[in-house]
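Input: a single structure, listed below in structure tokens.
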Amino acid sequence: MRIDDNHWLKSKPIAHRGLWGNKVVENSLTAYEKAAIQGLPIEIDLYMTTDKELVTFHDKTLNRMTGENGFIYEKSLAELKSLSLGGTAEKIPTLNEVLEIAKDRSPLLIELKNQPNDGYVDQVIKILNDYKGEFAVQSFNPFFINRIRKVAPQFIRGILGTHQHAKEENFLTRYVLKHLPFNGIIKPDFISYDYEGLKYIEKKRGDLTVLCWTVTEKSVAENLKGKVDNIIFENFLPDCL
């Protein structure tokens with residue numbers, strides 16, 4: 001077992017997209033800095049640009065956070081850096097910028113967002129191989145996690161799942177997201193599942209660490225104690241702060 005009870009994936013709640021709110025924008029350098037000051041683990045989302053730079057941003061499309069049209073992975077880094085996050089002076093951060101903030105202060109839970117691969121997963125591996133801080137990787141895409149298992153087996157890796165079906169997904173994708181059928185192949189160290197659907201993974205848990213997302217209320221966090229190993233949270237401050 002690679003995640004013991006003292007491991008950071010179990011020891012402190014994980015700040016979803018940094019500590020944001022009150023005019024601090026999600027997945028921004030300020031949100032990451034606020035979480036790092038508290039020594040909290042930080043969950044971030046990764047995409048790769050057309051010039052193979054890795055950036056932290058949640059949505060596949062740019063509209064909600066920048067007002068720009070198009071998919072984030074169809075833009076260059078220069079194009080993305082010309083945009084503003086949430087109408088503020090904040091810019092879309094690169095992974096390297098986040099690593100500088102987190103180093104020696106905050107572990108990172110890094111989600112590989114679903115996009116055309118084209119070397120994406122290997123680029124993530126290349127950068128993280130040189131990083132000295134603590135991190136783990138996760139993805140809804142089991143093929144990404146299997147690539148990590150093969151090329152970087154030393155990375156702590158997790159599979160994301162959900163019982164919440166997106167209408168645009170086909171039946172097979174919905175089944176995979178809900179039931180995690182590839183766990184025997186990809187051999188994750190942990191499962192990260194939406195907290196309302198935990199009953200669907202009872203038979204999948206075994207000895208795996210279980211995280212749940214995204215907890216937005218302290219009362220929900222209280223109800224989850226003893227049921228999961230850790231939470232990914234936003235919109236409130238957990239008791240450890």
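Heads up: numbering here begins at 1 and tracks the sequence.
- Remark: E79 does not engage K81 in a salt bridge, criterion side-chain N to carboxylate O under 4.0 Å.
- The CD1 atom of I110 lies 6.0 Å from the CG atom of L95; values are rounded to the nearest 0.5 Å.
- Residues passing the salt bridge (charged side-chain N to carboxylate O under 4.0 Å, His left out) test with R105 are E33, sequence neighbours excluded.
- In this structure, K218 forms no cation-pi arrangement with F236, as its terminal cationic atom is not both closer than 6.0 Å to the ring centre and no more than 45° off the ring axis.
- Partners of E217 by side-chain contact (heavy atoms from CB on, under 4.5 Å), not counting sequence neighbours, listed by chain and number: S219, V220.
- Expressed to the nearest 0.5 Å, how far OG1 of T66 lies from NZ of K91 amounts to 10.0 Å.
- Without hydrogens or angle criteria, S84 side chain to G87 main chain gives no donor-acceptor distance under 3.5 Å.
- Partners of N96 by side-chain contact (heavy atoms from CB on, under 4.5 Å), not counting sequence neighbours, listed by chain and number: T94, L99, I127.
- By the 4.5 Å side-chain criterion applied to Ile, Leu, Val, Met, Phe, Trp and Tyr, W20 is assigned to a cluster that also includes V24.
- More than 12 heavy atoms of other shown residues, nucleotides or ligands fall within 6.0 angstrom of atom CG in N63.
- Within the model, atoms CG of L198 and NZ of K227 stand 8.5 Å from one another, a figure rounded to the nearest 0.5 Å.
- Judged as a side-chain contact (heavy atoms from CB on, under 4.5 Å), and not counting sequence neighbours, the contacts of D118 are K52.
- Under the 4.5 Å side-chain heavy-atom criterion for Ile, Leu, Val, Met, Phe, Trp and Tyr, I156 and L128 are members of distinct hydrophobic clusters.
- Taking OG1 from T173 and NZ from K178, the interatomic distance works out to 14.5 Å, rounded to the nearest 0.5 Å.
- A distance of 7.5 Å separates OG of S11 from CG of N230, quoted to the nearest 0.5 Å.
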Could you please spell out the steps behind the side chain to side chain contact (heavy atoms under 4.5 Å, CB included) verdict for F143 and N117?
-> CA-CA 10 Å; F143 300 103; N117 194 336; over 6 Å; no
Walk me through it: do K113 and E111 pass the test salt bridge (charged side-chain N to carboxylate O under 4.0 Å, His left out)?
-> CA-CA 6 Å; K113 302 293 286 188; E111 178 180 345; 3.5 Å; yes
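- From I42, atom CD1 reaches atom OG of S106 across 4.0 Å, with rounding to the nearest 0.5 Å.
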Going by atom type alone, with no hydrogens or angles, which donor-acceptor pairs under 3.5 Å involve a side-chain atom of residues 132-140 and a protein atom two or more places apart or on another chain?
{"residue": "Q138", "atom": "OE1", "partner": "S192", "partner atom": "OG", "Å": "3.4"}
{"residue": "S139", "atom": "OG", "partner": "L112", "partner atom": "O", "Å": "2.9"}
{"residue": "S139", "atom": "OG", "partner": "N141", "partner atom": "N", "Å": "3.0"}

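- Residue pairs satisfying the salt bridge (charged side-chain N to carboxylate O under 4.0 Å, His left out) criterion with at least one member in residues 142-163, sequence neighbours excluded, are listed as follows: D122-R147.
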Between R64 and E26, does a salt bridge (charged side-chain N to carboxylate O under 4.0 Å, His left out) hold up when you go through it step by step?
-> CA-CA 12 Å; R64 179 178 69 92; E26 67 182 64; 2.8 Å; yes
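- Sorted by first and then second residue, the ring pair (Phe, Tyr, Trp, His ring centres under 6.0 Å) pairs involving residues 88-129 (not counting sequence neighbours) are Y120-F144.
- When the side chains of ILVMFWY residues are joined at heavy-atom separations under 4.5 Å, either directly or via intervening members, L77 and M48 end up in two distinct hydrophobic clusters.
- The salt bridge (charged side-chain N to carboxylate O under 4.0 Å, His left out) pairs that include a residue from residues 187-200 are R2-D189, where partners are two or more places apart or lie in different chains.
- Applying the ring pair (Phe, Tyr, Trp, His ring centres under 6.0 Å) test to pairs two or more places apart or on separate chains, none has a residue in residues 31-65.
- When the side chains of ILVMFWY residues are joined at heavy-atom separations under 4.5 Å, either directly or via intervening members, W213 and I231 end up in two distinct hydrophobic clusters.
- The backbone N or O of L9 lies less than 3.5 Å from a partner atom in the side chain of H7, making a donor-acceptor pair.
- Among the candidates L108, L40, L211, the single residue satisfying the side-chain contact (heavy atoms from CB on, under 4.5 Å) test with I14 is L211.
- Screening T49, L62, D59 against I72 for a side-chain contact (heavy atoms from CB on, under 4.5 Å) leaves a single residue, L62.
- Residues that satisfy the salt bridge (charged side-chain N to carboxylate O under 4.0 Å, His left out) test with E74, not counting sequence neighbours, are absent from this structure.
- Within the structure, ring pair (Phe, Tyr, Trp, His ring centres under 6.0 Å) contacts touching residues 63-111 (residues at least two apart or in different chains) are F71-Y73.
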